[in-house]
Protein chains: 2
Amino acid sequence: MRNKVSLKDIAQKVGVSTAAVSYALNKEKEGKVSDEMAAKIRATAKELNYQPNQIAKSLKIGRTNTLGLIIADVSNPFFATIARVVEDEAKAHGYTVVFGSSDEKAERSWDLINVLANRQVDGLIIAPSEASEDQILYLKEQKIPFVLIDRYYPDIPSSFVVLDNYKAAYDAVFHLIENGRKRVGMLAYKTNLYHMQERKRGYQEALQAAELPVGKSLLKEVKHDDTKNGVKAAIDAMLASPEGLDALFFATNTLAIHGLKYIDSLNLKVPTDLAIVSFDEGEAFDFYYCPLTHIKQPVDEIGKEAVQLLLDQMSSSNGRIGQIHFEPELIIRQSSGA
Amino acid sequence: MRNKVSLKDIAQKVGVSTAAVSYALNKEKEGKVSDEMAAKIRATAKELNYQPNQIAKSLKIGRTNTLGLIIADVSNPFFATIARVVEDEAKAHGYTVVFGSSDEKAERSWDLINVLANRQVDGLIIAPSEASEDQILYLKEQKIPFVLIDRYYPDIPSSFVVLDNYKAAYDAVFHLIENGRKRVGMLAYKTNLYHMQERKRGYQEALQAAELPVGKSLLKEVKHDDTKNGVKAAIDAMLASPEGLDALFFATNTLAIHGLKYIDSLNLKVPTDLAIVSFDEGEAFDFYYCPLTHIKQPVDEIGKEAVQLLLDQMSSSNGRIGQIHFEPELIIRQSSGA
DNA sequence: ATTGTATATTTAATCGATTAAGCATAGTTT
DNA sequence: AAACTATGCTTAATCGATTAAATATACAAT
């Protein structure tokens with residue numbers, strides 16, 4: 001096979017046992033081999049271009065120095081950025097990242113967890129899908145270290161790094177109301193995931209605080225599997241409401257992108273006809289004719305903290321958990337009519 | 001440790017050897033174990049929730065069912081999309097993907113190749129960096145199967161999946177000339193990578209074919225490490241040229257994004273003051289006030305073909321190579337003033 | 001009864017590393 | 001000189017699977 005050079009080859013060439021070679025190449029174990037011998041072995045290793053087989057090493061020592069990352073979709077910029085940050089941070093600590101996209105599907109998420117766990121990743125960072133509580137419980141039961149990101153299950157104690165989604169939504173909607181909007185709609189995804197529930201709660205409580213009516217007619221939920229048409233239908237429905245619509249809050253960047261395209265096609269003007277606030281950033285938003293007011297998540301910090309928490313958890317014998325809520329930042333531009 | 005259940009545990013519980021268990025659980029080896037025994041073993045395996053240790057399996061069989069993917073940067077939508085496609089396609093064939101971003105740096109690319117090779121990935125898909133020829137030669141020498149994407153080295157025979165970058169650039173620039181532009185600038189990255197050379201050649205030959213002057217003053221190159229300022233300086237320089245500038249061709253989506261922002265800040269109107277054609281797509285482009293004419297790469301096909309070629313190569317004893325050039329598609333919108 | 005032939009199961013080597021324990025050899029202490 | 005102690009290296013077990021080869025058992029053919 002490839003990568004022929006093994007400890008054995010070096011041992012043979014130098015005329016010692018593989019144990020000697022192993023000791024010599026693991027500098028930590030100073031003193032187990034004489035300096036001359038060590039030098040000779042190291043020279044031969046270099047000469048043969050020896051590269052240790054990590055698979056064999058992992059099998060023996062029980063660690064792989066690999067972290068698993070499960071996100072909803074790498075092709076979504078929010079997750080792609082997280083992936084990049086996690087990758088860099090992991091690398092800085094000597095870990096490699098194996099990743100997979102769950103597509104928000106519990107089944108794919110299960111598959112990924114199994115594949116990664118069977119490959120013995122040392123820990124997992126997961127943006128969990130809907131109805132995946134059993135997976136999280138499984139990980140706890142198996143004592144596989146993990147950290148959740150973006151979403152979490154309030155009923156299951158675990159480590160996580162998330163945004164204060166309630167506050168984010170509250171601030172966003174409050175900002176719209178503050179600027180005179182009275183008919184504020186919200187476009188969300190149809191899911192029980194906590195982050196989405198919190199965003200909806202933030203929206204509703206901001207309306208309540210302003211003594212505006214909180215009904216179902218202005219809070220529309222779209223299914224994941226046909227975002228595009230769902231968004232159109234939802235916007236149509238809101239616009240058709242007898243009292244009209246003068247502002248729209250998008251619960252995610254994907255919803256905003258589809259929503260804005262549709263709004264443009266209807267020739268509605270932002271912010272005159274409709275004020276807009278969206279979640280997350282996106283290169284796209286910078287090019288919209290009316291720069292978007294949006295909620296900014298500290299993506300870099302989220303990724304870094306997640307890795308940090310995971311490594312902490314892995315090194316502590318008791319699976320100590322850490323829970324981090326980041327504060328959202330509302331970036332005010334022109335789309336909210338401020 | 002975690003994941004305690006091993007073949008041995010099942011063997012003990014059932015009262016047979018581990019070999020019997022292994023045979024029973026590998027259905028292909030029908031007939032090695034009696035049906036009743038097999039049933040009992042499988043039942044016990046399920047009962048104990050046995051999950052095979054892939055690390056041990058890999059060590060024995062010499063394959064990991066893992067593919068390595070090295071791209072420039074996951075947070076670039078072009079590569080993120082490729083990553084997603086590769087991931088899905090690999091999964092469809094029973095492979096998991098391990099990835100890393102090289103940041104266009106030869107050194108990081110070396111690191112990744114070593115890390116992945118030492119983890120015994122079965123094959124690699126790589127968007128190679130500048131000055132990484134030695135890495136490619138190393139892979140060939142080590143007989144590690146690999147497929148290059150997006151770029152390749154014409155002097156080193158290898159499998160690859162790329163766009164016909166020459167034709168793409170030629171078509172784009174020809175299109176601008178056809179629409180009456182005479183002072184067409186090009187913004188490229190400063191790199192010797194072949195795809196970029198080809199894009200420049202396409203630009204130059206299109207100008208030649210139209211008998212327009214081909215000089216250095218309208219072909220500007222920007223360094224990777226400070227794209228933003230580089231783009232500004234380059235555009236300033238072109239605009240300052242005595243004969244002026246009436247069209248701009250961006251060699252990548254990133255260059256286009258930075259370029260367009262700067263052009264807007266200068267209050268130049270597209271396409272009146274400046275006609276634009278860019279490489280690649282991007283959610284961002286859809287929101288630009290003047291929809292962008294751009295070169296579309298068949299990203300899905302590129303990713304799928306790359307996996308396909310790699311699997312072919314892995315299964316053929318001789319490391320048979322395949323080279324695929326995709327045809328570019330010029331999507332004409334309004335920014336080119338057509 | 002004897003040999004032959006499936007069939008079912010076990011034994012044991014193997015993948016490539018790590019590492020506790022054992023064994024020389026040289027040097028130090030009494 | 002005998003006993004002890006480092007020092008330096010080897011032996012051999014181990015991680016958890018796979019798999020060729022050996023073995024045992026049942027059954028059929030001679």
Side-chain angles (χ1 to χ4, degrees), chain A residues 1-42 44-45 48-66 117-122 142, chain B residues 1-42 44-45 48-66 117-122 142:
Chain A
M1 282 228 61
R2 13 170 294 226
N3 219 6
K4 322 167 76 77
V5 188
S6 71
L7 272 195
K8 210 171 174 181
D9 299 312
I10 302 179
Q12 248 152 24
K13 181 139 194 206
V14 180
V16 292
S17 71
T18 64
V21 178
S22 177
Y23 287 133
L25 297 180
N26 288 210
K27 31 218 95 236
E28 311 94 45
K29 323 267 173 183
E30 285 278 4
K32 307 246 5 171
V33 195
S34 68
D35 288 354
E36 315 127 80
M37 193 77 258
K40 204 185 319 187
I41 290 172
R42 283 199 266 267
T44 315
L48 298 180
N49 187 32
Y50 169 70
Q51 299 287 129
N53 181 327
Q54 298 294 342
I55 294 280
K57 180 169 183 172
S58 296
L59 178 60
K60 188 75 210 342
I61 67 177
R63 285 183 297 107
T64 54
N65 278 281
T66 302
N118 297 349
R119 283 214 165 57
Q120 319 293 117
V121 295
D122 297 335
Q142 297 283 314
Chain B
M1 282 230 64
R2 15 170 293 225
N3 219 7
K4 325 165 76 76
V5 188
S6 70
L7 273 194
K8 211 171 173 180
D9 299 313
I10 301 179
Q12 247 152 25
K13 181 140 195 207
V14 180
V16 291
S17 70
T18 64
V21 179
S22 176
Y23 287 133
L25 297 180
N26 288 209
K27 29 218 93 237
E28 313 93 44
K29 324 268 173 183
E30 282 279 6
K32 307 250 355 171
V33 195
S34 68
D35 288 355
E36 314 127 82
M37 193 77 257
K40 206 188 310 188
I41 290 173
R42 284 199 266 267
T44 317
L48 298 181
N49 187 30
Y50 168 70
Q51 301 287 130
N53 181 327
Q54 298 294 341
I55 295 281
K57 180 169 182 172
S58 296
L59 178 59
K60 186 74 216 331
I61 67 176
R63 284 182 299 107
T64 54
N65 278 282
T66 302
N118 297 350
R119 284 214 164 56
Q120 320 293 119
V121 294
D122 296 335
Q142 297 283 313

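A, B, ... follow the sequence lines: proteins, then strands. Residue 1 opens every chain.
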Atom pair distance, as rounded to whole Å: [atom1] in [X] and [atom2] in [N]:
{"X": "Ile10(A)", "N": "dG16(C)", "atom1": "CD1", "atom2": "C1'", "answer": "12 Å"}
{"X": "Ile61(A)", "N": "dG16(C)", "atom1": "CD1", "atom2": "P", "answer": "17 Å"}
{"X": "Lys60(B)", "N": "dA20(D)", "atom1": "NZ", "atom2": "C1'", "answer": "9 Å"}
{"X": "Arg63(B)", "N": "dG16(D)", "atom1": "CZ", "atom2": "P", "answer": "21 Å"}
{"X": "Leu25(A)", "N": "dT19(C)", "atom1": "CG", "atom2": "C1'", "answer": "15 Å"}
{"X": "Leu59(A)", "N": "dA17(C)", "atom1": "CG", "atom2": "C1'", "answer": "8 Å"}
{"X": "Gln54(B)", "N": "dC15(C)", "atom1": "CD", "atom2": "C1'", "answer": "15 Å"}
{"X": "Gln51(A)", "N": "dA17(C)", "atom1": "CD", "atom2": "P", "answer": "11 Å"}

With the side chain of [X] defined as its heavy atoms from C-beta on, choose the nearest nucleotide among [options].
{"X": "Tyr50(A)", "options": "dA17(C), dA17(D), dG8(D)", "value": "dA17(C)"}
{"X": "Lys32(B)", "options": "dT14(D), dT19(D), dT9(C)", "value": "dT9(C)"}
{"X": "Ala19(B)", "options": "dT10(C), dT14(C), dC9(D)", "value": "dT10(C)"}
{"X": "Val33(B)", "options": "dT9(C), dT10(D), dT19(C)", "value": "dT9(C)"}
{"X": "Val16(A)", "options": "dT19(D), dT14(C), dT10(D)", "value": "dT10(D)"}
{"X": "Lys57(B)", "options": "dG8(D), dA17(D), dT10(D)", "value": "dA17(D)"}
{"X": "Tyr23(B)", "options": "dT19(D), dG16(C), dT10(D)", "value": "dT19(D)"}

request  = Mind checking Ser17(B) for me? I need base, sugar-phosphate or nothing, with any heavy atom below 4.0 Å counting as a touch.
outcome  = base
With a 4.0 Å cutoff (strictly under), does any side-chain N or O of [X] reach OP1 or OP2 of [N]?
{"X": "Ser22(A)", "N": "dT19(C)", "result": "no"}
{"X": "Asn26(A)", "N": "dT18(C)", "result": "yes"}
{"X": "Ser58(A)", "N": "dC15(D)", "result": "no"}
{"X": "Ser6(B)", "N": "dA17(D)", "result": "yes"}

Notebook entry, point to check: Any side-chain heavy atom of Ile10(A) within less than 4.5 Å of one from Ile41(A)?
Noted result: yes
pair Arg119(A)-Asn65(B): side-chain heavy atoms closer than 4.5 Å:
yes
5'-most contact on DNA chain C (nearest-nucleotide basis), Thr18(A) vs Thr18(B), goes to Thr18(B)
Which of Leu7(A), Asp9(A), Val21(A), Thr44(A) passes side-chain contact (heavy atoms from CB on, under 4.5 Å) with Tyr50(A)? Answer is Leu7(A)
Minimum heavy-atom distance [X]-[Y], with the two atoms named:
{"X": "Ala24(B)", "Y": "Ala38(B)", "answer": "CB-CA, 4.0 Å"}
{"X": "Ile55(A)", "Y": "Gln120(B)", "answer": "CG1-CG, 3.3 Å"}
{"X": "Lys8(A)", "Y": "Thr18(A)", "answer": "CA-CG2, 3.9 Å"}

